[in-house]
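Structure first, commentary second.
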Amino acid sequence: MEEPEIAIIDPNTLTCLGLKRILEEQLPHAIIRTFPGFGEFVDDTPDMYARYFISSQTYILYTAFFLPRREKTIILMDGTGGHSFPATNYILDLTKSEENLKREILRFFTPDEKQMERHGEDNDLSPREIEVLVLVSKGYINKEIAEKLTISLTTVVTHRKNIAEKLGIKSVSGLTIYAVMNGYLSPDSI
């Protein structure tokens with residue numbers, strides 16, 4: 001097995017050290033470097049890494065760098081806000097038990113064919129659902145979305161329900177992160 005090079009970019013020292021320990025245990029031959037911020041990371045030949053474990057704040061601030069590399073990017077979430085992302089979005093909930101974290105981390109280094117097939121899909125969002133997703137992410141309420149898209153309020157509610165079911169995400173903050181992560185919305189427009 002080749003030695004993957006892994007970067008952990010998070011301002012939280014405890015998160016970096018804990019994740020590094022778990023990764024070293026799960027992948028003893030991996031080369032793991034930690035960085036407190038994006039600047040230090042970018043100064044260190046960033047494209048040599050097989051995986052990037054990054055804080056959600058870093059992802060939002062530097063989407064232009066990570067979006068084209070999203071297959072290699074694993075966003076570290078603190079588990080607050082009720083986010084529920086599909087596994088194919090490479091989101092890691094740091095509030096899980098150690099055993100669940102280990103299992104979740106290992107999943108990123110052992111490709112599952114079904115998961116890889118799903119990763120190529122866009123969760124089948126229709127163009128209208130993407131429009132609704134973007135407006136929800138920008139903070140518009142259902143009535144404003146209906147007016148902006150000239151559709152009924154019931155249709156907006158139906159679209160939001162379909163989006164939540166397809167993506168497995170119910171919170172507005174979770175939908176916003178999904179929209180940014182998938183290039184539907186730039187962080188500057190939030």
Side-chain angles (χ1 to χ4, degrees), residues 3-24 27 30-96 101 104-105 107-109 111 115-116 118-123 125 130-131 133-140 163 167-169 171-190:
E3 296 178 357
E5 296 192 39
I6 301 165
I8 303 170
I9 307 118
D10 196 306
N12 184 318
T13 303
L14 192 56
T15 298
C16 287
L17 294 174
L19 182 55
K20 184 176 182 181
R21 184 190 64 78
I22 291 172
L23 285 166
E24 288 170 341
L27 305 162
I31 298 166
I32 303 162
R33 303 267 329 267
T34 61
F35 303 93
F38 185 76
E40 296 85 352
F41 165 69
V42 131
D43 289 342
D44 188 60
T45 321
D47 282 319
M48 74 179 183
Y49 294 98
R51 291 278 190 259
Y52 311 113
F53 286 82
I54 62 170
S55 69
S56 56
Q57 298 88 351
T58 300
Y59 185 86
I60 296 296
L61 290 172
Y62 301 100
T63 304
F65 176 85
F66 290 107
L67 187 58
R69 297 163 177 86
R70 69 178 169 198
E71 290 82 26
K72 297 166 51 168
T73 303
I74 301 154
I75 300 175
L76 304 172
M77 301 294 290
D78 64 7
T80 58
H83 302 110
S84 172
F85 287 89
T88 56
N89 284 335
Y90 298 104
I91 301 292
L92 186 63
D93 180 355
L94 299 178
T95 63
K96 293 180 179 181
L101 280 173
E104 179 101 8
I105 288 167
R107 167 178 74 80
F108 297 115
F109 297 94
Q115 190 177 14
M116 290 177 80
R118 281 179 294 187
H119 185 64
E121 295 176 7
D122 197 21
N123 294 310
L125 290 182
I130 292 170
E131 287 178 312
L133 171 68
V134 168
L135 293 173
V136 167
S137 299
K138 288 183 174 183
Y140 288 88
I163 292 166
L167 301 180
I169 305 169
S171 70
V172 173
S173 59
L175 291 170
T176 303
I177 291 171
Y178 178 86
V180 170
M181 210 171 118
N182 288 282
Y184 297 132
L185 188 64
S186 78
D188 299 339
S189 65
I190 301 174

> Of the non-hydrogen atoms in Ser55 and Ile75, which two are nearest, and what is the gap between them?
Replying inline: C-CG2, 4.3 Å
> Would Ile105 and Ile74 count as a side-chain contact (heavy atoms from CB on, under 4.5 Å) if you check the C-alpha gap in whole Å, the side-chain angles of each, and the deciding distance to 0.1 Å?
Replying inline: CA-CA 9 Å; Ile105 288 167; Ile74 301 154; over 6 Å; no
>> When you compare the side chain of Ile8 with that of Leu23, does any pair of heavy atoms fall below 4.5 Å?
In response: yes
> Hey, what's the ring geometry for Tyr52 with Phe41, parallel, tilted or perpendicular (30° and 60° as the breaks)?
Replying inline: perpendicular
>> Could you report the tightest heavy-atom contact between Asp47 and Lys72, atom names first, then the distance?
In response: O-NZ, 3.6 Å
> Of all heavy-atom pairs between Asn12 and Asp10, which one has the smallest distance, and what is that distance?
Replying inline: N-OD1, 2.8 Å
>> Please report the interatomic distance CD(Glu24) to CD1(Ile6), rounded to the nearest 0.5 Å.
In response: 9.5 Å
>> Parallel, tilted or perpendicular, judged at 30° and 60°: which one describes the rings of Phe65 and Phe38?
In response: perpendicular
>> side-chain contact (heavy atoms from CB on, under 4.5 Å), that's the test. Do Leu133 and Leu185 meet it? Break it down for me.
In response: CA-CA 9 Å; Leu133 171 68; Leu185 188 64; over 6 Å; no
> What pair of heavy atoms forms the shortest contact from Leu175 to Ser137, and how long is it?
Replying inline: O-OG, 3.6 Å
>> If you apply the rule side-chain contact (heavy atoms from CB on, under 4.5 Å), what do you find for Val136 with Ile163, and how did you get there?
In response: CA-CA 11 Å; Val136 167; Ile163 292 166; over 6 Å; no
> Would Tyr59 and Val180 satisfy side-chain contact (heavy atoms from CB on, under 4.5 Å), going step by step from the backbone distance to the final call?
Replying inline: CA-CA 9 Å; Tyr59 185 86; Val180 170; 4.0 Å; yes
>> Working to the nearest 0.5 angstrom, can you tell me the gap between Thr176 OG1 and Lys138 NZ?
In response: 11.5 Å
> What's the spacing between Thr58 OG1 and Phe66 CZ if we round to 0.5 Å?
Replying inline: 6.5 Å
> Hey, does the side chain of Asn182 reach the backbone of Tyr184 with a donor-acceptor pair shorter than 3.5 angstrom?
Replying inline: no
>> Testing the basics here: between Gly183 and Leu67, what is the closest heavy-atom pair and its distance to 0.1 Å?
In response: CA-CD2, 3.5 Å
> What's the spacing between Phe53 CZ and Leu19 CG if we round to 0.5 Å?
Replying inline: 5.5 Å
> What is the distance from atom OG1 of Thr15 to atom CG of Leu17, rounded to the nearest 0.5 Å?
Replying inline: 9.0 Å
> Is there a side-chain contact between Ile9 and Tyr62, using heavy atoms and a 4.5 Å cut-off?
Replying inline: no
> Measuring from Cys16:SG to Leu76:CG, what's the distance to the nearest 0.5 Å?
Replying inline: 8.0 Å
